[in-house]
Amino acid sequence: MKNEAPILLVFEGPSGTGKTTLQHHLGQYLQHKNLKIKILPEFSTSPLGRIIAQYSKFGHELPFFLRGLNGALAYLSDKLYLLEKNLSSANEILILDRFILSQWILGSYFIKDEHSKQVLQQIIMQTKKWIEANFSQKSVIILLQSSSESLVARLEKREEFILDSENKAFLQQNVSDYNNFDYNLFEWNKLYLNSERPLPETLENLIHDIDKLLHQVNHD
């Protein structure tokens, strides 16, 4: 069998939409189908990745070195390190928690001046070209969608504290930014999934759509 570039199945969406949970369940399902699967974490185990993971819990204030353009580039660098480390995984399906869309959307939210936003977006577009050149064009972006009200309830339960007005406003803007993003910038397949539904129903819909796409991949 000819070695082919790894396929990425990447979960995207605001905090609380269930990316990590669905990533785990999808990985288990595909492993039971005897496919070569690797589940990648949101952050790498590099020194940079461990620092980012330490400070990136929802609702916690970021230290100065993870704010603004420098912070967005730190997140992007860790994501690239994680992807580059798994480039040799030929004929594998890599399931990834968050993609470079997060650096674009979240980075643009936290960066205040327009010039820095433009610099970040230009760097991400160059990064996109590298990713598309090294990973399969059969890759899929899985976009999880939910209302900000549902996310507030889910995050308050998960984090065990009441979100203040600032965090609620951030979630509301975050939902709007993800909904309004121009996903046509990415030529890969895209799945839009309503994650407000109960987990079994959401997972069933996800598995149905992924099975359909992978079936097409196997017959190309």
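In this text, all values refer to a predicted model and were calculated from it rather than measured experimentally.
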**Q** Hey, quick one: are Ile141 and Ile210 part of the same hydrophobic cluster, counting side-chain heavy atoms closer than 4.5 Å, chains of contacts allowed?
**A** no
**Q** For Ile142 and Leu144, what are the C-alpha separation, side-chain angles and deciding distance, and is it a side chain to side chain contact (heavy atoms under 4.5 Å, CB included)?
**A** CA-CA 6 Å; Ile142 304 162; Leu144 301 182; 4.1 Å; yes
**Q** Not counting sequence neighbours, which residues clear salt bridge (Lys or Arg N to Asp or Glu O under 4.0 Å) with Glu84? List them please.
**A** none
**Q** Which value, rounded to the nearest 0.5 Å, describes the distance between Glu156 atom CD and Leu163 atom CG?
**A** 4.5 Å
**Q** Quick one, Ile131 and Trp188 - any side-chain contact, counting heavy atoms below 4.5 Å?
**A** yes
**Q** Compare all side-chain heavy atoms of Ser108 with those of Gln121 and state whether any distance is below 4.5 angstrom.
**A** yes
**Q** Evaluate side-chain hydrogen bond (donor to acceptor under 3.5 Å, both in side chains) for Asn174 paired with Asp177, printing each intermediate quantity in order.
**A** CA-CA 5 Å; Asn174 208 209; Asp177 289 342; 4.9 Å; no
**Q** Check whether Lys79 reaches the backbone of Glu42 with its side chain - one donor and one acceptor, N or O, closer than 3.5 Å.
**A** yes
**Q** Does Ile7 offer a backbone N or O that forms a donor-acceptor pair with the side chain of Glu92 under 3.5 Å?
**A** no
**Q** Taking all heavy atoms of Ala72 and all of Gln103, pick out the closest pair and write down the distance.
**A** O-CG, 3.9 Å
**Q** Quick check: do Leu35 and Leu214 have side-chain heavy atoms less than 4.5 Å from each other?
**A** yes
**Q** Could I get the full list of side chain to side chain contact (heavy atoms under 4.5 Å, CB included) partners for Leu185, not counting sequence neighbours?
**A** Trp104, Met125, Phe181, Asp182
**Q** Between CG of Leu94 and CG of Leu83, what distance do you get to the nearest 0.5 Å?
**A** 8.0 Å
**Q** Indicate yes or no for a side-chain donor-acceptor contact from Tyr55 to the backbone of Glu61 under 3.5 Å, with no hydrogens or angles considered.
**A** no
**Q** Using modelled atom types only, decide if a donor and an acceptor are shared between the side chain of Arg67 and the backbone of Leu62 within a distance under 3.5 Å.
**A** yes
**Q** Could you tell me whether a side-chain N or O of Thr17 sits under 3.5 Å from a main-chain N or O of Pro14, the two making a donor and an acceptor?
**A** yes
**Q** Classify the angle between the aromatic ring planes of Phe170 and Phe58 as parallel (below 30°), tilted (30 to 60°) or perpendicular (above 60°).
**A** tilted
**Q** Could you walk me through whether Ile95 and Leu26 pass the side chain to side chain contact (heavy atoms under 4.5 Å, CB included) check?
**A** CA-CA 8 Å; Ile95 307 178; Leu26 179 62; 4.3 Å; yes
**Q** Sort and list the pairs that fulfil salt bridge (Lys or Arg N to Asp or Glu O under 4.0 Å) and have at least one residue in residues 115-131, not counting sequence neighbours.
**A** Glu114-Lys117, Lys128-Glu132
**Q** Starting from Ile105, can I reach Tyr192 by hopping between I/L/V/M/F/W/Y residues whose side chains sit under 4.5 Å apart?
**A** yes
**Q** Would the number of heavy atoms belonging to other residues, nucleotides or ligands and lying under 6.0 Å from NZ of Lys85 be above 12?
**A** no
**Q** Can you tell me if His208 has over 12 outside heavy atoms packed within less than 6.0 Å of its NE2?
**A** no
**Q** Go through it in stages, so that I can follow the logic: the residues are Asn86 and Lys38, the test is side-chain hydrogen bond (donor to acceptor under 3.5 Å, both in side chains), and I'd like the CA-CA distance, side-chain angles, deciding distance and then a yes or no.
**A** CA-CA 9 Å; Asn86 288 279; Lys38 187 178 290 184; 3.1 Å; yes
**Q** Taking everything shown except Gln31 itself, do over 12 heavy atoms lie less than 6.0 Å from its CD?
**A** yes
**Q** Ignoring hydrogens, what is the shortest heavy-atom contact between Leu66 and Ala74? Give both atom names and the distance.
**A** CD2-CB, 4.0 Å
**Q** Between Ile111 and Asp113, is there a side-chain heavy-atom distance shorter than 4.5 Å?
**A** yes
**Q** For residues Phe65 and Ile51, determine if any side-chain heavy atom of one lies less than 4.5 Å from a side-chain heavy atom of the other.
**A** yes
**Q** Which salt bridge (Lys or Arg N to Asp or Glu O under 4.0 Å) pairs, counting each pair once, include a residue from residues 18-28, with sequence neighbours left out?
**A** none
**Q** List the steps, then state whether side-chain hydrogen bond (donor to acceptor under 3.5 Å, both in side chains) holds for Tyr178 with Ser102.
**A** CA-CA 9 Å; Tyr178 274 99; Ser102 286; 3.1 Å; yes
**Q** So, Gln145 side chain and Asn179 main chain: donor-acceptor pair closer than 3.5 Å or not?
**A** no
**Q** Quick one: CG on Leu82 to OG on Ser77, what's the gap to the nearest 0.5 Å?
**A** 12.5 Å
**Q** Look up atom CZ in Arg197 and atom OG1 in Thr202, then write down how far apart they are to the nearest 0.5 Å.
**A** 7.0 Å
**Q** Does the Arg98 side chain pair with the main chain of Glu12, one donor and one acceptor, at a distance under 3.5 Å?
**A** no
**Q** In Å, rounded to the nearest 0.5 Å, how long is the span from CD1 of Ile100 to CD1 of Ile124?
**A** 6.5 Å
**Q** Keeping Asp78 on the side-chain end and Ser44 on the backbone end, is there a donor-acceptor pair under 3.5 Å?
**A** yes
**Q** Is the closest side-chain heavy-atom distance between Arg50 and Pro47 below 4.5 Å?
**A** yes
**Q** Provide the full list of ring pair (Phe, Tyr, Trp, His ring centres under 6.0 Å) pairs with a residue in residues 113-161, sequence neighbours left out, each pair given once.
**A** none
**Q** Kindly work out whether a path of hydrophobic side-chain contacts (I/L/V/M/F/W/Y, heavy atoms less than 4.5 Å apart) joins Ile39 to Phe99.
**A** no
**Q** In the single-linkage hydrophobic clustering (I, L, V, M, F, W, Y; side-chain heavy atoms under 4.5 Å), do Phe11 and Leu151 co-cluster?
**A** no
**Q** Run the side chain to side chain contact (heavy atoms under 4.5 Å, CB included) test on Leu106 and Tyr75 for me, step by step, so that the C-alpha distance in whole Å, both residues' side-chain angles and the decisive distance to 0.1 Å come before the verdict.
**A** CA-CA 10 Å; Leu106 295 176; Tyr75 279 91; over 6 Å; no
**Q** Can you tell me how far CG of Leu96 sits from CG of Leu40, rounded to the nearest 0.5 angstrom?
**A** 5.5 Å
**Q** If every non-hydrogen atom of Arg154 is compared with every non-hydrogen atom of Gly18, which pair is closest and at what distance?
**A** NH1-N, 3.8 Å
**Q** Please check if Leu8 and Leu143 belong to a single hydrophobic cluster, counting links between Ile, Leu, Val, Met, Phe, Trp and Tyr side chain heavy atoms closer than 4.5 Å.
**A** yes
**Q** Should Ser150 and Ser147 be marked as a side-chain hydrogen bond (donor to acceptor under 3.5 Å, both in side chains) after you check the CA-CA gap, both sets of side-chain angles, and the distance that decides it?
**A** CA-CA 5 Å; Ser150 294; Ser147 68; 3.1 Å; yes
**Q** Applying salt bridge (Lys or Arg N to Asp or Glu O under 4.0 Å), can you list everything that pairs with Lys57, at least two apart in sequence or on another chain?
**A** none
**Q** Walk me through whether Lys190 and Val140 qualify under side chain to side chain contact (heavy atoms under 4.5 Å, CB included).
**A** CA-CA 6 Å; Lys190 302 163 195 78; Val140 183; over 6 Å; no
**Q** Which atom pair, heavy atoms only, marks the closest approach of Ala5 to Asn134?
**A** CB-O, 3.6 Å
